[in-house]
Amino acid sequence: MNPLYQGKIDNFCAAYSVLNAFRLVSGISAFQARDILNDVFVQEAKDIENWERIVKHESNYLNMVRSMLEKWKVQLNYNYFCPFAYLGNEKPIMGEGFLNPQVDLDTIWETLMQYVKYKKGTAVIRFCRFLPKQVGPIIDHWSTIAKIDENEITLYDCSLETTGWYILERERFFSAPFGAIPPQSLALQMGYNLDLAEREFGVICPDYIHIVESKASPFDMLKRAFNGTDI
């Protein structure tokens, strides 16, 4: 039996994904990351009901992610934005159109390629993982993109699970807004029937994608001006 490690049984992958984005675009230290995480916990715990939803994994974590990205953008010198408008409700609900994405996977992939591969930014994303013949996702995870090419996304991830997904293969993925994906517990309770797949697959949620990129420093702007290149 393996020992439990920090992060194994908590529900803070969303916060860690933002911290890892800060590592990639701003180079924050572990000490800075700890202070930011402490600040997040203190702020979120001021609303007891909200904090209870967070620790019990009953939150969609969207407000927490966006508040972190908003709070530190000036100090850490980055920009962030959501390339796809939020499509669902603040609280995840079961919806129609499962695997009938409002933003197709090719559009998502091309957008991520543009900002992560060619502009050297990163993206905080949320995806769900399904096993063959299983109802509802077995994993609902936030992570950060380290690199991307035409076929794969490599994650810069907080998880230490030996069976975790650290490479997201494009051919295994579909796109669907998060509100269209029933949580496993709810799907089982309601007998929610899916056309269960024969192989493992993932669903990426376009409404939860946040692009994060460094701002150009004054030195970079001056250098690019002399070189005649666009900023």
Where do Val40 and Met64 land on the side chain to side chain contact (heavy atoms under 4.5 Å, CB included) test, with the steps shown first? CA-CA 8 Å; Val40 171; Met64 182 174 69; 3.9 Å; yes
For the residue pair [Y] / [X], report whether a side-chain donor-acceptor contact shorter than 3.5 Å exists.
| X | Y | answer |
| --- | --- | --- |
| Glu70 | Tyr80 | yes |
| Thr107 | Asp104 | yes |
| Asn151 | Glu171 | no |

Distance (rounded to the nearest 0.5 Å) between [X] [atom1] and [Y] [atom2]:
| X | Y | atom1 | atom2 | answer |
| --- | --- | --- | --- | --- |
| Leu155 | Tyr166 | CG | OH | 9.0 Å |
| Ser29 | Asp35 | OG | CG | 8.0 Å |
| Phe127 | Cys205 | CZ | SG | 10.0 Å |
| Asn50 | Gln43 | CG | CD | 11.5 Å |
| Ile148 | Thr111 | CD1 | OG1 | 9.5 Å |
| Cys128 | Phe201 | SG | CZ | 9.5 Å |

Looking at [X] and [Y], what are the two nearest heavy atoms and their distance?
| X | Y | answer |
| --- | --- | --- |
| Tyr61 | Ala14 | CB-CB, 3.7 Å |
| Ile139 | His141 | CG2-CB, 3.7 Å |
| Asp207 | Ala176 | OD1-O, 4.3 Å |
| Ser59 | Arg126 | O-NH2, 4.3 Å |

Using modelled atom types only, decide if a donor and an acceptor are shared between the side chain of [X] and the backbone of [Y] within a distance under 3.5 Å.
| X | Y | value |
| --- | --- | --- |
| Ser26 | Arg23 | no |
| Asn79 | Lys215 | no |
| Thr144 | Ser17 | yes |
| Tyr208 | Leu62 | no |
| Arg129 | Pro137 | no |
| Glu44 | Phe41 | no |
| Ser159 | Glu161 | yes |

Side chain to side chain, [X] and [Y], heavy atoms closer than 4.5 Å:
| X | Y | answer |
| --- | --- | --- |
| Leu168 | Ile125 | yes |
| Leu76 | Ile28 | yes |
| Leu19 | Leu37 | yes |
| Val203 | Phe130 | yes |
| Ile108 | Val103 | yes |
| Ile209 | Pro83 | yes |
| Asn20 | Cys158 | yes |
| Asp157 | Tyr16 | no |

Apply the test salt bridge (Lys or Arg N to Asp or Glu O under 4.0 Å) to residues Asp47 and Arg53: give CA-CA distance (whole Å), side-chain angles for both, the deciding distance (0.1 Å), then the verdict. CA-CA 10 Å; Asp47 182 336; Arg53 288 194 297 269; 5.1 Å; no
May I ask you to check whether Phe81 and His210 place their ring centers less than 6.0 Å from one another? no
Taking the six-membered ring for Trp and the full ring for Phe, Tyr or His, determine whether the centres of Phe173 and Trp165 are under 6.0 Å apart. yes
Donor-acceptor list for residues 114-122 side chains, cut-off 3.5 Å, not counting sequence neighbours:
unit_1, atom_1, unit_2, atom_2, d
Lys120, NZ, Lys117, O, 3.4
Thr122, OG1, Ile145, O, 2.5

Is it true that atom CD of Glu152 has more than 12 heavy atoms of other residues, nucleotides or ligands lying nearer than 6.0 Å? yes
Step through the shown structure and confirm whether more than 12 heavy atoms of other residues, nucleotides or ligands are within 6.0 Å of CD1 on Ile9. no
Let's go through Phe174 and Leu105 carefully: what are the C-alpha distance in whole Å and the side-chain angles of both, what is the deciding distance for side chain to side chain contact (heavy atoms under 4.5 Å, CB included) to 0.1 Å, and is it a yes or a no? CA-CA 6 Å; Phe174 301 90; Leu105 187 67; over 6 Å; no
Decide yes or no on side chain to side chain contact (heavy atoms under 4.5 Å, CB included) for Val18 and Phe22, but give the supporting numbers first. CA-CA 6 Å; Val18 178; Phe22 293 165; 3.5 Å; yes
Side chain to side chain contact (heavy atoms under 4.5 Å, CB included) assessment of Ile153 paired with Leu112: CA-CA 9 Å; Ile153 289 172; Leu112 292 174; 4.0 Å; yes
Cationic N near anionic O, under 4.0 Å, Lys71 to Asp39: yes
Residues Arg172, Glu200: salt bridge by 4.0 Å N-O rule: yes
Please enumerate all residues that pass side chain to side chain donor-acceptor pair (under 3.5 Å) together with Asp149, with sequence neighbours excluded. none
